[in-house]
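Chain letters run A, B, ... following the sequence lines, proteins first, then strands; residues in each count from 1. In what follows, every heavy atom counts, from backbone to side chain, and hydrogens, waters and symmetry copies are set aside.
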Amino acid sequence: MNDMTPTREQREAALEGMGCKRKRVEDVRFTQGKGQYVDDLKLPGMVFGDFVRSPYPHAKITKIDASEALKLPGVIAVLTAEDLKGVNLAWMPTLAGDVQMVLADGKVLYQNQEVAFVIAEDRYIADDAIQLVEVDYEELPVLTDPFKSMDTDAPVLRPDLEGKTEGAHGPRKHHNHIFNWEVGDKDETAKAFAEADVTINEMISYHRTHPSPLETCQCVASMDKVKGELTIWGTFQAPHVIRTVASLLSTIPEHKIHVIAPDIGGGFGNKVGAYPGYICSIVASIVTGVPVKWVEDRMENLSTTSFARDYHMTTEIAAKSDGTVTGLKVHVLADHGGFDACADPSKWPAGFFNIVTGSYDFPTAHLEVDGVYTNKAPGGVAYRCSFRVTEAAYCIERGMDILAQKLEMDPADLRIKNFIKPEQFPYQSALGWEYDSGDYHTAMQKAMDTIGYRELRAEQKAKQEAFKRGETREIMGIGVSFFTEIVGAGPSKNCDILGVAMFDSAEIRVHPTGSVISRMGTKSQGQGHETTWAQIIATEIGIPAADIMVEEGNTDTAPYGLGTYGSRSTPVAGAAIALAARKIRNKAQMIAAHMLEVSEYDLEWDVDGFQVKGNPEARKSMKEIAWAAYHAPPPNMEPGLEAVSYYDPPNMTYPFGAYFCVMDIDVDTGVATTRRFYALDDCGTRINPMIIEGQVHGGLTEAFAIAMGQEIRYDETGNVLGASFMDFFIPTAVETPHWETDHTVTPSPHHPIGAKGVGESPNVGGVPAFSNAVNDAFQFLGNTHIQMPHDAWRNWQAAKNLGAHS
Amino acid sequence: MIPGEFTYHRPSSVAEAVAILVSHGDEARPLSGGHSLIPMMKLRMAAPEHLVDLGGIADLKGISEDGGAITIRAMTTQHELIESDLLSEKLPIIRETSLLIADPQIRYLGTLGGNVANGDPGNDMPALMQCLDASYVLTGPDGNREVAARDFYEAAYFTALAPEEILTAVKIPTPPAGHGWAYEKLKRKVGDYATAAAAVMLSMTGGTVTSCSVALTNVADTPLYAAEAGDILNGSTLDETTVGKAVAAAEAITDPASDGRGPAEYRTKMAGIMMQRALARAAERASA
């Protein structure tokens, strides 16, 4: 070797592989405004669709008269449910096993429900025409309170289900009941409660909110009647699933449907399901023979396309007097609105809510979830969380704080006492999961030491005394949250969407000159896949990430995958990528052996090529091997260097973390100021620490918003309140706290690279940290539990109720 | 979020603008910064058939002082208010208030005239103008008339401005040097309207208040000039009892809506808290 030969370290650095803080390659276009989103698409002859929506939350439709609208120049057609019946599309199946109206069929079930679809030459004409469609409504009694859904005299919301005693998930016990889901051991749990020294029982609500991506849902559908082919560009987190659903619904063969998800401006669960806008655009393009664009506005997005949460969780914990937990009992009342449009794996009506035992060693537990209908928008999507995991984490993390209060124990100490111990992994939870790995004690200790937990408690005590003496009007709260996520859906044995197993896929092709194109079944909406997928490949096959192109979202070119949501991309597609890359490396080894005239067993891998064991100067780089694969492959070997992998994960992954929030609240205004927020995440192997940090910042900002004010509210007459960014809380940089991030690394034992997924952890763990901080601040005044969101007026109200205002 | 059809006019003089308003009556609306009107049009809650953009009228720009009064022409943007040396020196409360309006992008376009003329109780400038005892110059087909800010507001979006008139300038008596001032605004986030806000101007001599005026934002369907509160404070040393009485008097005239910012009771109490905090800061700033 001469001086010019790069060292091993230099060669490794040149790859920008796993562990490298590689800058996001997609940002070159995003930061210059050069992304290509659905609404940037302009096709020749394209027309526009827009909805007539119901002002009433519950009403019969007695007449729809579009004649005036059709007279307006530029209006092409107005579709109603009657038209859709002709193609059997007035209703569509939901991912949760329910059916949902595409356009109002005889009645409406929530305010702003889609009633008719106007197709016009431009958006302005479409909106003018909407005002001209006359709809006669006959108002019906409105049901907004889920606790009243199953009253005997509750109005019948779904006449289409009348008399159906079986739903998609078992028996229905009332005309507004959707499902009952039960997990765990009822008798053992009852026994634990009967024998407990201490129990708690609290109804903990997680309010209705919305994923609210900056780009709303939208699509362009284009039917080529000559070829019989349908192309749909859309904001799809799961393009292949959309293709399959579109084929099943439209009866167009799947190979003649092309689904393309271009750049997407955030999804957070909002863009998993199928919406009436997609179906109507497709039908409209089939009817008109020209491309049809549909773009939702902000109010439509917030008020109709898939809310999140709305879980009301009666939480009971049994414990010994020393703090050891002995049983957990949770009943959830789940408000799904007018249709159950949850985007969960099909067999899981309440998602993975049975992760509700959290990070603690509960010997027994029992969980029941009842889903009900109300006159609200349909949904129940996973807003930046694996299915219903954030609800579960909130439930148990609030519950543990309430138990600590009752036991007069420190909430951090109570958690440590009950943690699953490192030697218990893999751990079978009382509600049926096998936790793959974890080291909770180390993470918690590191977090407490870093933030100075004991000192903060001492400061808090001093402040409480000062408050009681009238020296300050500020109170201090410390929020503790130790969450365990369950992500990476999932193993085919228990996860499917409409029958398609939830595997994922990768295809990698190495070109003759040693650069790479790779395609996956996932679809980034901002997660940075173009950057991180290339890093995995770079490390695995020794080709610089800069020479690797990552392409997602085109169902014609990408291998079939189930998409990106539920933090599943890294646990599932990330594994497929590593395994496809390893197939390539295995073939490369055979080629290198041929080139070096040695046995492949005499070779060893060295960063970016193979070398002869004991003779590192006899080596072939991947670049040389790639050329040989196309130029002179070994005899009897197929030319080329590419591989495909479909990965069915053996288990979920279980990221975890310790979050601490320090908050000061002005009792006179209720304004809460987050003084510190520390987030320690353990997501196993870290692919790109900078992207992880960005993901954590984003998820914490959402958690902050949700806990401190973000809400979709309805008044008692069913009007949706605040469905605009005027009222729906999206924090700016000014309101957002400063984030301190940290990590430990406990690799997943069953994942090829040990990675677990991280995008959703901060939302899951962040919400309880904020809520616990607020509740903790008020605890010394006698508080047990204050419901979220903790906006200023509610904090003021809490202070008032606790006698803090003179 | 798409407006109906309208005709766009861009006159180059006030007279021309007034003439367009006269010829179209109720169907025309003047457009200044557009941050209230355009969203209303997109929601089709406002549907003027003629939009008269005042942005091309050079006469409607500028800030000047003459004979004990400061005149701010209507199309002066909030950004220009913030940048004005004259205002920073003589009327710093305008800068403080402007900085609490929305965000920089909006302040580059939003104007003082639009903010005070629209009659939106959420706007910050109307209460401030009442606090400062400003008057508005209204220009119509028959020339100019002046209306005091304290008499201008009738109900939400209803004001003394006639459909064929344009609010062309705001005149503010120059306050005495050494006065104390503060605008306190409670809001949920940047860009939000006030949950409640209070403007306070006062002068003090030897620890005693010699003049005081108080006005409140977004706690009724109009801005509120809290005359009684100011009277109670005038002549006092801002002792706790007197401040308590003044706050109670101010709270008594509020009639806020319950909305996403909180229930009415909360917003009334916040008006009191904002006033109390504004008073304390104004007193600190006043030369005793």
**Request:** Could you pull out the closest heavy-atom pair between W793(A) and P263(B), with the gap in Å?
**Result:** CE3-CD, 3.2 Å
**Asked** With only heavy atoms counted, which part of E711(A) is less than 4.5 Å from chain B, the side chain, the backbone, both or neither?
**Response** neither
**Fill in**
Interface check, chain B: of R794(A), K800(A), H805(A), most non-hydrogen pairs under 4.5 Å belong to K800(A)
**Item:** Contact origin within I730(A) toward chain B - heavy atom pairs under 4.5 Å
**Value:** both
**Fill in**
Separation between CG (D791(A)) and NZ (K189(B)), nearest 0.5 Å, reads 13.5 Å
**Request:** Give the intermediate values and the outcome of salt bridge (charged side-chain N to carboxylate O under 4.0 Å, His left out) for residues D259(B) and R713(A).
**Result:** CA-CA 11 Å; D259(B) 64 13; R713(A) 276 209 294 170; over 6 Å; no
**Prompt:** Under 6.0 Å from the CD atom of E154(B), do we count more than 12 heavy atoms belonging to anything else shown?
**Reply:** yes
**Fill in**
Interatomic distance, CG@D727(A) vs CG@D192(B), rounded to 0.5 Å, equals 7.0 Å
**Asked** Would you say M726(A) and Y193(B) make side-chain contact, with heavy atoms under 4.5 Å?
**Response** yes
**Asked** Which region of M708(A), side chain (C-beta onward) or backbone (N, CA, C, O), has a non-hydrogen atom less than 4.5 Å from a non-hydrogen atom of chain B, or is it both or neither?
**Response** neither
**Item:** Segment of R267(B) engaging chain A (4.5 angstrom heavy-atom cut-off)
**Value:** neither
**Asked** R123(A) versus M1(B): any side-chain heavy-atom pair under 4.5 Å?
**Response** no
**Asked** Can E265(B) and W796(A) be said to form a side-chain contact (heavy atoms from CB on, under 4.5 Å), step by step?
**Response** CA-CA 11 Å; E265(B) 181 202 7; W796(A) 178 86; 3.9 Å; yes
**Message:** A quick test of your reading: do over 12 heavy atoms of other residues, nucleotides or ligands sit less than 6.0 Å from CZ of F725(A)?
**Reply:** yes
**Basic-acidic side-chain contact under 4.0 Å: K42(B), D297(A)** = no
**Asked** Counting only heavy atoms not in D26(B), do more than 12 fall under 6.0 Å of its CG?
**Response** no
**Request:** Measure distances from L186(B) to the heavy atoms of chain A and classify the residue's part below 4.5 Å as side chain, backbone, both or neither.
**Result:** side chain
**Item:** Toward chain A, the part of D103(B) with a non-hydrogen atom under 4.5 Å
**Value:** neither
**E735(A)/K187(B) ion pair, N-O < 4.0 Å** = no
**E240(B), CD atom: more than 12 neighbouring heavy atoms under 6.0 Å** = no
**Message:** Any heavy-atom pair between the side chains of T669(A) and K269(B) that's under 4.5 Å?
**Reply:** no
**Item:** Shortest non-hydrogen contact between M270(B) and D668(A), atoms and distance
**Value:** CE-O, 3.0 Å
**Asked** Thinking salt bridges, do R277(B) and D666(A) make one under a 4.0 Å N-O criterion?
**Response** yes
**Item:** CD (E228(B)) with more than 12 external heavy atoms under 6.0 Å
**Value:** no
